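In this chain, residues are counted from 1 in sequence order. Bear in mind the structure is a predicted one, so any value in this text is a computation, not a measurement.
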Amino acid sequence: MADVFEEFVAVVAEGMAGPGTAVVNGAGLAGRVHLSRFHFDRVIGAVAGESPFAFRRRVLLERAAYRLLVEQVAVLDVAVEAGYGSHEAFTRAFARAYGMSPREWRREASRVFFLTAPSGVHFQPPAGLRLPARREVRGMDVLVRMVEHHVWLTGEMIERGARLDAAALDRPIELSVEGIDDDISIRYLLDRLVWQEEMWLASVEDRPFQVPECGRPVVTPISELRERHAIAGSRFVALVNQLNEEGRFDESFVDTTCEPPRVFTYGGMVAHVLTFAAHRRSLLIGAFYTAGITDLGFGDPMHYVAEGK
C-alpha cells in the first residue's frame, strides 16, 4: 500500500507544477496508478487517512493559501488554479479550511498555510509536496561524526605538541578573538580543548569541576594532556553516541559548573563544544604551521574519514 500511496503522491505532485485542474477526477487519478476506482479509494484512504479527493483538494488549498501570502495575484486566478469553478465556491471552501476569507488571510503575511493532514504530506513551495520521513530518524549522525573528528584531531594536535620544546609551546599567538581566549599559546589552547571535554562531562554527570582561572599561565605537561584526553575524549564520544542512539539531543540538563547554574539541551551543549573547538583548532593549526609542523594540513575531516579513524 505504501508504494501505491507514493505513486499517488507523485501523480499529485506532478500536477502541482502544471495547471491546477490536471487529473481532477478520481477515475483519472486511479487510472494513473493502475487501480480500479474502488480499490484506489480504499488504499489511499487507508494510508492517507483521507480520501484521494480530499487529499488533493487540501494540498491545492495549501498552495492557494501560500500564493495569496507571497504573490500579488487575483483571488479568482488562485481559485481557478486550485480547481474551483467560481470565486464564491473557492471563498467558501477556503473559509471552512482556514477560518477566514482569502482577502482576510492575505493581510497577514506570517500565517502558516499547512492544514491538518493525517498523512503528514503538505504542499512544499514553490510547486511540490513535502512528505514525512518513512521512519523515525534520531539522526544526528553527522554531528556524531563531527565530534569523533574533533576528538581525533585534538589527539593529533597533542602529539604534534609533543614535538615542540617549551619555548615553542608557550610562545604567544598574536591572533585571537577578544572574549574567547586571551594570552594564548599552543599549550594553552591544547589545555582548553581537553578541559572543555572534562568540564562538560562533569556538568552532564553533575560532578564538581574547577574551571581554570583566566590569566594564570598554563604549565600542563604534554604527557598529562595526552593522558587526560585519552580518558575524556573517549568518554565524550561515548556520551554523544549514546545521546544519538537514544534520541535525547533535545533533552535538558542543569550545568552546575556555571555560576549561577544554567539549563542547556544536550544538542546545544554539543554544538557549543564544536563551535569553540573549531575556533581553537584553527588557531592551533596556524601556530603549528608557524612552528614548522605542517603535516596536519588543515585538520581536514576528509583526511580523517579516508584514514578510517
Side-chain angles (χ1 to χ4, degrees), residues 142-203 209-237 239-240 255 257-259 262 264 268-307 309:
V142 174
L143 182 66
V144 173
R145 194 67 168 177
M146 290 172 70
V147 170
E148 292 173 343
H149 171 250
H150 160 61
V151 169
W152 167 78
L153 185 53
T154 298
E156 293 295 303
M157 288 179 166
I158 290 172
E159 294 308 315
R160 299 314 187 273
R163 302 179 189 175
L164 302 175
D165 58 23
L169 284 172
D170 299 319
R171 184 176 296 119
I173 299 173
E174 299 300 329
L175 178 64
S176 64
V177 176
E178 187 174 352
I180 297 181
D181 293 308
D182 299 309
D183 302 320
I184 59 176
S185 64
I186 290 176
R187 193 194 304 270
Y188 175 98
L189 291 173
L190 290 174
D191 184 72
R192 286 299 182 271
L193 287 175
V194 173
W195 73 248
Q196 185 186 43
E197 298 165 344
E198 296 170 329
M199 179 192 74
W200 284 110
L201 285 167
S203 177
F209 182 82
Q210 183 61 51
V211 177
E213 295 182 22
C214 295
R216 294 187 60 182
V218 175
V219 295
T220 310
I222 292 296
S223 58
E224 180 181 327
L225 288 176
R226 182 187 292 117
E227 293 173 3
R228 286 167 49 198
H229 176 66
I231 297 171
S234 62
R235 291 185 59 226
F236 192 77
V237 168
L239 169 65
V240 174
D255 179 11
T257 65
C258 291
E259 186 56 47
R262 295 177 59 189
F264 292 92
M269 176 269 291
V270 175
H272 174 91
V273 168
L274 291 175
T275 298
F276 283 86
H279 164 73
R280 289 169 175 144
R281 293 197 319 258
S282 295
L283 294 175
L284 277 166
I285 287 171
F288 279 128
Y289 189 89
T290 300
I293 296 178
T294 61
D295 60 344
L296 273 173
F298 296 103
D300 187 353
M302 294 311 296
H303 173 72
Y304 157 75
V305 172
E307 292 292 329
K309 303 294 184 180

Inset, instruction - Kindly indicate whether the side chain of Ile231, heavy atoms from C-beta on, has any atom under 4.5 Å from the side chain of Glu227. - result: no
Legend entry - Heavy-atom check, side chain of Leu296 versus side chain of Leu284, under 4.5 Å: no
Inset, instruction - Evaluate the criterion salt bridge (Lys or Arg N to Asp or Glu O under 4.0 Å) for residue pair Arg235 and Glu198; output intermediate values, then yes/no. - result: CA-CA 9 Å; Arg235 291 185 59 226; Glu198 296 170 329; over 6 Å; no
Legend entry - Note, His229 side chain near Leu190 side chain (heavy atom, < 4.5 Å): no
Inset, instruction - Find out whether Val142 and Met146 are in side-chain contact, i.e. whether some heavy atom of one side chain is under 4.5 Å from a heavy atom of the other. - result: yes
Legend entry - pair Arg226-Ser223: side-chain heavy atoms closer than 4.5 Å: yes
Inset, instruction - Evaluate the criterion salt bridge (Lys or Arg N to Asp or Glu O under 4.0 Å) for residue pair Arg171 and Asp165; output intermediate values, then yes/no. - result: CA-CA 10 Å; Arg171 184 176 296 119; Asp165 58 23; 5.5 Å; no
Legend entry - Glu197 to Phe236 - nearest heavy-atom pair and separation: O-CD1, 4.4 Å
Legend entry - Atom of Ala277, atom of Gln196 and distance for their closest heavy-atom approach: CB-OE1, 3.9 Å
Inset, instruction - Find out whether Thr275 and His279 are in side-chain contact, i.e. whether some heavy atom of one side chain is under 4.5 Å from a heavy atom of the other. - result: no
Inset, instruction - Measure the shortest side-chain to side-chain distance between Ile285 and Met157 over non-hydrogen atoms and say whether it is less than 4.5 angstrom. - result: yes
Inset, instruction - Quick one: sort the Trp200 and Phe264 rings into parallel, tilted or perpendicular, breaks at 30° and 60°. - result: perpendicular
Legend entry - Non-hydrogen atoms of Ile186 and Ala287 that approach each other most closely: CG1-CB, 3.7 Å
Inset, instruction - State, yes or no, whether a side-chain contact exists between Arg228 and Leu225 at a heavy-atom distance under 4.5 Å. - result: yes
Legend entry - Smallest separation among heavy atoms of Arg187 and Ile222, with atom names: NH1-N, 4.5 Å
